[in-house]
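Below: the structure, in structure tokens.
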Protein chains: 2
Amino acid sequence: MAGKKVKKPTMVDVAAKAGVTIGTVSHVINKTAPISDETTERVLKAIKALDYKPNSIARALRTKKSYVIGFLLPDVTNDFYSPVLSSFIDSAHQDGYTVLVVSYQYSSKREEIEMERLADKNVDGILLFNGCGDVALLRRMQAEGIPIVIADRRVDELELPTVEFDNVETCSKVIGMMCKKGYKRIGFLSESTRLRNLNDRYEGYKKGLVENGLQVNPELVYISEDMEMNNLEKGYAYIKRILENTERENLPDAIFATTDLLAIGAVRAFKEAGFRIPEEIGVVGFDNIAFTDFIEPKLTTVEQDKVLMGRIAWDIMKATLAGEEGEVKHVILPQKIIIRESC
Amino acid sequence: MAGKKVKKPTMVDVAAKAGVTIGTVSHVINKTAPISDETTERVLKAIKALDYKPNSIARALRTKKSYVIGFLLPDVTNDFYSPVLSSFIDSAHQDGYTVLVVSYQYSSKREEIEMERLADKNVDGILLFNGCGDVALLRRMQAEGIPIVIADRRVDELELPTVEFDNVETCSKVIGMMCKKGYKRIGFLSESTRLRNLNDRYEGYKKGLVENGLQVNPELVYISEDMEMNNLEKGYAYIKRILENTERENLPDAIFATTDLLAIGAVRAFKEAGFRIPEEIGVVGFDNIAFTDFIEPKLTTVEQDKVLMGRIAWDIMKATLAGEEGEVKHVILPQKIIIRESC
DNA sequence: GTGAAAGCGCTAACAC
DNA sequence: GTGTTAGCGCTTTCAC
């Protein structure tokens, strides 16, 4: 079935048919020299007649531009990353670029390997999404001249353009909001804070407490390193355990969770134990997934505009590609607190 | 910042440094001729010294193989598509291929345009995921010799390899299982059945009823064409409306929903109306998302191995790429009924 | 305005 | 075993 490989027409064929040379054909295609209307017409007609399409590989070899961008991310499946990816692909697309997607599955080793592989594929630029990124490698690639844009993470050591959400600030505001509602013993529920943005949220949490005259109480910091369970179960199991092993007066009066799933799990555990939300315990999640509006009580949470992040990431990439001089761009996107019923 | 473009070493540089010709260099790189150990050594050393990397574009131009596959799907963000994509990328990767991802946002017009664009990008093959696919276009591309594999959809008119889930059979089995539990008025809740696999599920539903001696009752077929709401709200709103407008004896005694989200919405509506599940109303969902195990009662549903689908899709693509003759492959993957508490 | 021709970096057929 | 060389299909400089 394969192999029928009808040889595709090339410029030579078009030139022959139109009675001109390939140089002329190239010029009419790229509008790179003034060609008479009459000749242009003939060439266009030949192109149509043969259904000629320029060979992008040959063009890329000649011009050193492939119009392909590499997008390196931790996991295609993730509800946070995939909308950003999707939006990036769309934006790039509108500018005639196409996107090579590679995932490194949260492995910094794979991340490195894939960075190199992408570079070897001669992509015009690489978007690195939240990698732990070996700084030396990034520096080397930068030196080789391949444009790199970083999303969802800062790289303080390097002059690379970045886009990220304002996690520290937002979380500190969330805590401020919670304090204003009268909560005094605010807990922090999260997966491993080794992930950069989760750690930023932790920083924001602490900052918020301090700014509101509260102390950071290690007993109220619930960080689960368990990688086995999904976040839903994790939040549920964690809170349930706390509820079983803690005196009532030592319990938090509110929980700020770094993920909606975690928060929803926590809500369930609290409800089962007979706590009224938000009266006896306030809960705030993060990300505003569809379920937040559906559970009882509706979850107060933080919304992040992932589509915007994808678009900005592309804008920065485009600017970098165009070789715009001047300041390296660092865009920080705001997040939005959505107040519902749980806090 | 860009533009520093240090000229990368080419084979000529390596050849010069090793004191051989580029042909020899090419041969040691590709092991395409027996080169003496001594020369090989020298070449390798030069390669390392210069940090030479073959230019994939030049190679692609010469060999007509880019080791890039195009993956065209409706939506990167979707929980069904993205795991398949992810698994496909991974598998392809292990064979040295890389994947260009393009989404057509459920628009058959964009689907066509993107197919052509992908072909013009000189990808080695295209995986088309659940498109409505203009048959004429597919036929034309096939004739041009570009390997196409279709996932999640049949194309009866064309000799193209496909992978899909066995929706008809599975759904008919689900209905059989529900009948065996004594349900007699089984409703069907779905989004628009214009989508191929949702329609297949509808066929399976009807087949299951007939096989179990029940009649298809149009009053129990609930298809929502509303595109505004998410499925959670849609399921909830739909069932709520039914509950309000239907006499008790005309209600279904069970619901088979084509999506877990729809089912979860339905469960909520039933519970609010005081129905006991599964005693008074049985509910079955589809897809086995994390929440199914978390709601009350735990949702009976159908699991689909998306990772497997991605892998098989790649296997078929690889075989097609290799130009394997013989039967066009049509792989049909089984789904698995997960019985929990809701039915 | 258009043609001629030199390459982009590589592979592969053919000499020797 | 290794060197030579002809392209792959295109862009682009330079003549005329």
Side-chain angles (χ1 to χ4, degrees), chain A residues 5-44 46-47 50-68 96 119-124 144-145, chain B residues 5-47 50-68 119-124 144-145:
Chain A
K5 301 275 172 202
V6 188
K7 208 175 107 292
K8 291 201 203 111
T10 75
M11 265 192 177
V12 176
D13 302 316
V14 175
K17 180 142 199 143
V20 295
T21 57
I22 60 165
T24 306
V25 175
S26 175
H27 282 136
V28 344
I29 289 175
N30 302 306
K31 302 190 205 318
T32 173
I35 303 291
S36 74
D37 288 359
E38 198 242 328
T39 315
T40 302
E41 178 99 351
R42 277 211 326 279
V43 170
L44 258 23
I47 287 177
L50 297 171
D51 191 30
Y52 166 78
K53 307 271 181 54
N55 178 321
S56 63
I57 306 273
R59 184 177 272 172
L61 177 60
R62 199 44 242 246
T63 61
K64 265 115 194 56
K65 274 201 57 87
S66 62
Y67 289 93
V68 174
D120 293 348
K121 275 277 176 181
N122 296 278
V123 294
D124 290 345
E144 276 178 24
Chain B
K5 301 274 173 205
V6 187
K7 205 173 107 296
K8 289 198 205 115
T10 75
M11 265 193 177
V12 176
D13 302 317
V14 175
K17 179 140 199 146
V20 294
T21 57
I22 61 165
T24 306
V25 175
S26 175
H27 282 136
V28 345
I29 288 175
N30 301 306
K31 302 190 204 319
T32 171
I35 303 291
S36 74
D37 289 359
E38 197 241 329
T39 315
T40 302
E41 178 99 352
R42 279 213 323 281
V43 171
L44 259 23
K45 200 169 282 176
I47 287 177
L50 298 170
D51 190 30
Y52 165 78
K53 307 272 180 53
N55 179 321
S56 63
I57 305 274
R59 182 178 275 172
L61 177 60
R62 196 49 241 244
T63 60
K64 264 113 195 57
K65 274 202 55 87
S66 62
Y67 289 92
V68 174
D120 294 347
K121 274 279 176 178
N122 297 278
V123 293
D124 290 345
E144 276 179 25

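In what follows, chains carry the letters A, B, and so on, assigned in the order in which the sequence lines appear, proteins first and then strands, with residues in each chain numbered from 1. It should be emphasised that the depicted structure is a prediction, and the values quoted were computed from it without experimental measurement.
- Atom CD in E38(A) sits roughly 8 Å away from atom P in dT2(C) (whole-Å rounding).
- For the pair L61(A) CG and dT11(C) C1', the computed distance is 13 Å after rounding to whole Å.
- At a threshold of 4.0 angstrom between heavy atoms, the contacts of S36(B) are confined to the sugar-phosphate backbone, with no base atom among them.
- A 4.5 Å side-chain heavy-atom check between I47(B) and I29(B) finds at least one atom pair inside the cut-off.
- For M11(A), whose side chain is taken as the heavy atoms from C-beta onward, the closest listed nucleotide among dT11(D), dT2(D), dT12(D) is dT11(D).
- Residue I22(B) is classed as a base contact, given a heavy-atom separation below 4.0 Å to a base.
- Between the CD1 atom of I29(A) and the C1' atom of dT12(D) there is a distance of 14 Å, rounded to whole Å.
- When the shell of 6.0 Å around NZ of K65(A) is examined, it contains more than 12 heavy atoms from other residues, nucleotides or ligands.
- Put simply, T10(B) has no side-chain N or O that comes within less than 4.0 Å of OP1 or OP2 on dC8(C).
- Counting non-hydrogen atoms of neighbouring residues, nucleotides and ligands closer than 6.0 angstrom, the NZ atom of K17(B) reaches no more than 12 such neighbours.
- Nucleic acid contact for V20(B): sugar-phosphate only, since backbone atoms but no base atoms lie under 4.0 Å from a heavy atom of the residue.
- Where T21(B) and P9(A) meet DNA chain D, the nucleotide closest to each residue was compared, and T21(B) sits on the side nearer the 5' end.
- Protein atom NZ of K53(B) is 16 Å distant from nucleotide atom C1' of dG9(C), rounded to whole Å.
- Checked against dT2(C), dC10(D), dT2(D), the side chain of T39(B) finds its nearest nucleotide in dT2(D).
- Contact of R59(A) with dG9(D) (side chain to base): no donor-acceptor pair of N or O atoms is detected under 3.5 Å.
- Nearest heavy-atom pair, V25(A) versus M11(A), reported as atom, atom and distance to 0.1 Å: CG1-CG, 4.0 Å.
- When heavy atoms are screened at a 4.0 angstrom cut-off, T63(B) is found touching the sugar-phosphate backbone but no base atom.
- Rounded to whole angstrom, the span from the NZ atom of K64(A) across to the P atom of dC8(C) amounts to 8 Å.
- Judged as a side-chain hydrogen bond (donor to acceptor under 3.5 Å, both in side chains), and not counting sequence neighbours, the contacts of S56(B) are N122(A).
- In this structure, the NZ atom of K65(B) is 23 Å from the P atom of dG9(C), given to the nearest Å.
- Note: CG (N30(B)) to P (dA13(C)) measures 12 Å, nearest angstrom.
- Atom pair L50(A):CG and dG9(D):P shows a separation of 14 Å (rounding to whole Å applied).
- Contacts of T32(A) with the nucleic acid, taken as non-hydrogen atoms under 4.0 Å apart, are absent.
- Base contact: S26(A) has a heavy atom under 4.0 Å from a base atom.
- Contact check, T24(B) against dT2(D): no side-chain N or O comes under 4.0 Å of OP1 or OP2.
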